[in-house]
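The next block holds one structure in the form of C-alpha cells; read it before the comments.
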Amino acid sequence: MCGVLPARMLEAHNDLLHLALALACGRRAPPVVAWLHRCAGIPEGSPLPPIPAGFEDDERAVDVVLEQMWRSRPREERTLLGQVFTPRPVARQVLLEAGVRPEGRVVDPACGGGIFLVEAAAQLRQTLVADGVAPERIARAVIDHVVGVDVDTAACRLARLLVGLEAARALDGLDDLSVLDQLPEPHVLQADATDPLTQERLLQLEPRWVVGNPPYLEAKRMPKDLRRRLRERYGHRLEGAFDYYMVFVWLALELVGEGGRVGLVLPNKVQVARYAASLRAHLVLTEQLVALIDLSELDVFKQVGVYPVIVILGPSPGSFRACFRQPALDELGQAPLGGATVSLELVRALMEPPVWFTLPDGALPGLLARLVAQLPRLEEVAQVRSTCSFHKRGLREQYIHPGPQLPDGLPYLGGQSYARRNEVRPYQVDWQGFRIHYAAEELRSRGNSLPPLEIFTRPKIVICQHARSLVAWCDVEGRFVTKDVFPVVLPHVDTACAA
C-alpha cells in the first residue's frame, strides 16, 4: 500500500509532476518515455527523482501523487482554487451512474489532476481491447475521448501525463511505437471553463457527458471581482450568496444540451440551499434529475467539512433514483447503486420551490404521497427561516466566542467551526457554550445582515442540516440563536411548539 511521501522528498522535489513522470516512465521503451515527457511538458533528459520504496507504476501510486499535489499547496491557495482530491472509487461511481460509454466525448471542466479523465480513458481502453480493436486505433481513441480544463497549470500538466499514460498502455507489447509520433497531446486546457471563449471551444467539441468535482468555494471566500463577473455571465441563474460550484452545474447543462448527461460530486447544500432553489425548480420542472446519491456518511474528503452527494442530470421522464445507503468508500465504483424511485410530481407537491431528498426505503415515496394528499402543506402551518450566516471571512470570529469571553452574549448553536460536530441531536441539544454578540445594525453596515432577532426569541423547532435523516429539537423557551446550518421552523401559532 502506497503511503505519504517523505517530507524530505517534498523538499528536494517540490514539483511532484517530476515524481509522477518517473512513476509513469518506469521501465518503458524509449519512444513511450519520450511521449510521456511531451505530455508532461518536461524536456526529455531532465533529472527525475528516484521512486520511493513501495511506489510502483500503479493507480495507488498515482493517487498518492494526486493527493500530495493538492496537500502540498498552501491552504490559502487550495481554498481560493476550491480544490479537493477526489478518491478514485468516487470518480468511477460517477462515470457508472452517468452511463459513460465509448461513443461520445467526456469533458471535465475543473479536472485538477485528471482523475475523472483517467478513469474514463481507462474504461474506454479496456472496452476497446475486449472488442479486439487495433492498439493504434485505441491509443487515438483514448486521446480523443476525454477533454479537461483547469486554471491550475501544474494540475493540467499532470492530467495530460496521466491521460497520455493511458494511451501508451494501449500499445503495450507492440514493437512498432511510431504512432506516438503522430498522436496529439491529451486535450487538457489551462483555462477558466467559465470564461465565454473557453466555453465556446468546449461547445464545439459537442460533449456527450460532463463529469467532475467542481470547485468548492464558499460565497464568503469568493473574490468580489470573480463574483461580479459570474453574475454578469449567468445573470438571474445565480441567486443570493451562491457558492462557486453552482456556476459549473449551469455550465455543464449548457455543454451537454438536451441529449447528454451530467455527473457531478456536489455538496449536499444543493438539495436545500436558497441560492440553489431556481436550479432545483428548473431541473424538476424540465424532468432532468436522474439520480441523487447521498455520500454524506462517508468521509470522502478526509476531514474537509463538506457532505457530498453525486448528482446525475439528464433526460428523466417523471422520476429520479434516490440512493440513501451505499457501501464503504473503497467498494464504490463496481456497479450503479440501487435506490428508491421518487416521483418528480411528489417533489413538486411537497414544497415550492422544491427541495431534493433521498429515502432509505422504496415504500416511503408512496407513504409520503398519501400524507401529502391528506395533510396541509408545511407553509400553511409553519414558516421555515434561514438563520445567521457570516459571508465575509473573519466576521464570524469577531462576533462568536466561548461563553467566558462573551458572558453577556446570547446563547448560540453552531460555534464549533468543524461542521461534523452537531449540537442539535434528536429531540435534544448539546450546547457547547458559545455566545454571539448580536450587533445587527453594526453588521448590516458591514454588508452582512442578520435575520430579525425575533425569530430566535420565540418558540421554534431547530433543524440540523448535517444529518442523513431528520434531526430536530424544540426550543420552546426561544433560548438559542443558531448558525446557518441550523434553520428554524416557526409555527404560525406559538403554542404548537409546546403541544
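FYI, side chains are in, hydrogens and waters are out, and symmetry mates aren't considered; it's all heavy atoms of this structure.
- The closest side-chain heavy-atom distance from Val256 to Arg208 is not below 4.5 Å.
- Val247 approaches Leu238 most closely through the heavy-atom pair CG2-CD1, 3.9 Å.
- In this structure, Arg280 contributes its side chain and Pro354 its backbone to a donor-acceptor pair below 3.5 Å.
- No more than 12 heavy-atom neighbours from other residues, nucleotides or ligands sit within 6.0 angstrom of CD on Glu258.
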Under the side chain to side chain donor-acceptor pair (under 3.5 Å) rule, what do Tyr216 and Asp243 come out as? Steps first, then yes or no, please.
CA-CA 7 Å; Tyr216 285 28; Asp243 288 354; over 6 Å; no
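- Taking CD1 of Ile293 as the reference point, atom CD of Gln93 lies at 6.0 Å (rounded to 0.5 Å).
- Note: Arg157 CZ to Leu17 CG = 5.0 Å, rounded to the nearest 0.5 Å.
- A salt bridge links Glu119 and Arg88; the closest N-O separation between the charged side-chain nitrogens and carboxylate oxygens is under 4.0 Å.
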I'd like to know whether Cys323 forms a side chain to side chain contact (heavy atoms under 4.5 Å, CB included) with Leu292, so could you lay out the CA-CA distance, the side-chain angles of the two residues, the decisive distance to 0.1 Å, and finally the verdict.
CA-CA 6 Å; Cys323 180; Leu292 189 64; over 6 Å; no
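- With a 6.0 Å cutoff to the six-membered ring centre and a 45° limit on the axis angle, Arg227 counts as a cation-pi contact of Phe242.
- A pairwise comparison of heavy atoms in Ala120 and Leu95 identifies N-CD1, 3.5 Å as the closest pair.
- Inter-residue side-chain proximity for Leu279 and Trp250 is flagged as met; some heavy-atom pair is nearer than 4.5 Å.
- Taking the charged nitrogens against the carboxylate oxygens, Arg229 and Glu232 have no contact shorter than 4.0 Å, which rules out a salt bridge.
- Separating the CG atom in Leu189 from the CG atom in Leu202 is a distance of 6.5 Å, to the nearest 0.5 Å.
- Open room surrounds CZ on Arg201; 12 or fewer heavy atoms of other groups in view lie less than 6.0 Å from it.
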Full working for side chain to side chain contact (heavy atoms under 4.5 Å, CB included) between Met246 and Tyr275
CA-CA 9 Å; Met246 284 290 296; Tyr275 64 69; 3.6 Å; yes
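- The shortest heavy-atom contact between Val489 and Ala382 is CG1-CB, 3.6 Å.
- A donor-acceptor contact shorter than 3.5 Å is absent between the side chain of Arg140 and the backbone of Ala167.
- Judged by distance alone, with hydrogens and angles left aside, the side-chain atoms of Glu423 form no donor-acceptor pair with the main-chain N or O of Leu413 at under 3.5 Å.
- Considering only heavy atoms from C-beta on, Leu177 comes within 4.5 Å of Leu174 through its side chain.
- Two residues are said to be in side-chain contact when any heavy atoms from C-beta on lie closer than 4.5 Å; Leu346 and Leu368 meet this criterion.
- Side-chain contact between Val384 and Val488: absent, with no pair of heavy atoms (C-beta onward) separated by less than 4.5 Å.
- With hydrogens and angles ignored, the 3.5 Å screen pairs no side-chain donor or acceptor of Trp209 with any backbone N or O of Gly263.
- In this structure, Arg38 and Leu180 approach most closely via the heavy-atom pair NH2-O, 2.8 Å.
- Listed by chain and residue number, nothing satisfies the salt bridge (Lys or Arg N to Asp or Glu O under 4.0 Å) test with Asp484 (two or more places apart in sequence, or in another chain).
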Report all side-chain donor-acceptor pairs from residues 310-319 shorter than 3.5 Å, counting only partners two or more places apart or in another chain.
| from | atom 1 | to | atom 2 | distance (Å) |
| --- | --- | --- | --- | --- |
| Ser316 | OG | Leu289 | O | 3.0 |
| Ser316 | OG | Ser319 | O | 2.4 |

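- Formation of a donor-acceptor pair under 3.5 Å by the Arg160 side chain with backbone atoms of Val188 is found in this model.
- In this structure, the separation between CG on Leu162 and CG on Leu158 is 4.5 Å, given to the nearest 0.5 Å.
- Counting heavy atoms from C-beta outward, Pro214 and Leu264 have side chains that approach closer than 4.5 Å.
- For Glu254, the salt bridge (Lys or Arg N to Asp or Glu O under 4.0 Å) partners two or more places apart in sequence, or in a different chain, are Arg233, Arg237.
- Between Gln199 and the choices Asp192, Thr194, Leu251, the side-chain contact (heavy atoms from CB on, under 4.5 Å) rule is met once, by Leu251.
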Carefully, step by step, assess Val100 and Gln123 under the rule side chain to side chain contact (heavy atoms under 4.5 Å, CB included).
CA-CA 9 Å; Val100 173; Gln123 181 185 93; 3.8 Å; yes
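- With rounding to the nearest 0.5 Å, the separation of CG in Leu344 from CD in Gln288 is 10.5 Å.
- Proximity of Leu183 to Trp35: side-chain heavy atoms (C-beta onward) are separated by under 4.5 Å at one or more points.
- Each of Asp131, Val129, Thr127 was compared with Ile138 under the side-chain contact (heavy atoms from CB on, under 4.5 Å) criterion, and only Val129 meets it.
- By the 4.5 Å heavy-atom criterion applied to side chains, Arg28 and Leu36 are counted as neighbours.
- With Asp150 contributing its side chain and Gly112 its backbone, the two residues share a donor-acceptor pair below 3.5 Å.
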Trace of the side chain to side chain donor-acceptor pair (under 3.5 Å) decision for Glu345 with Ser343
CA-CA 5 Å; Glu345 184 58 41; Ser343 164; over 6 Å; no
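- Considering every non-hydrogen atom in both Pro451 and Ser386, the closest pair reads CG-O, 4.0 Å.
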Any chance you could lay out the side chain to side chain contact (heavy atoms under 4.5 Å, CB included) test for Phe486 and Cys464, step after step, and finish with the verdict?
CA-CA 5 Å; Phe486 299 128; Cys464 176; 3.8 Å; yes
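- Using a distance-only test at 3.5 Å, with no hydrogens or angles considered, a donor-acceptor pair links the side chain of His145 to the main chain of Gly104.
- In terms of heavy-atom proximity, Ala335 sits nearest to Leu96 at N-CD1, 3.5 Å.
- The number of heavy-atom neighbours closer than 6.0 Å to CZ of Arg274, taken from other residues, nucleotides and ligands shown, is 12 or below.
- Atoms OH and CG, from Tyr244 and Leu226 in turn, are 5.0 Å apart once rounded to the nearest 0.5 Å.
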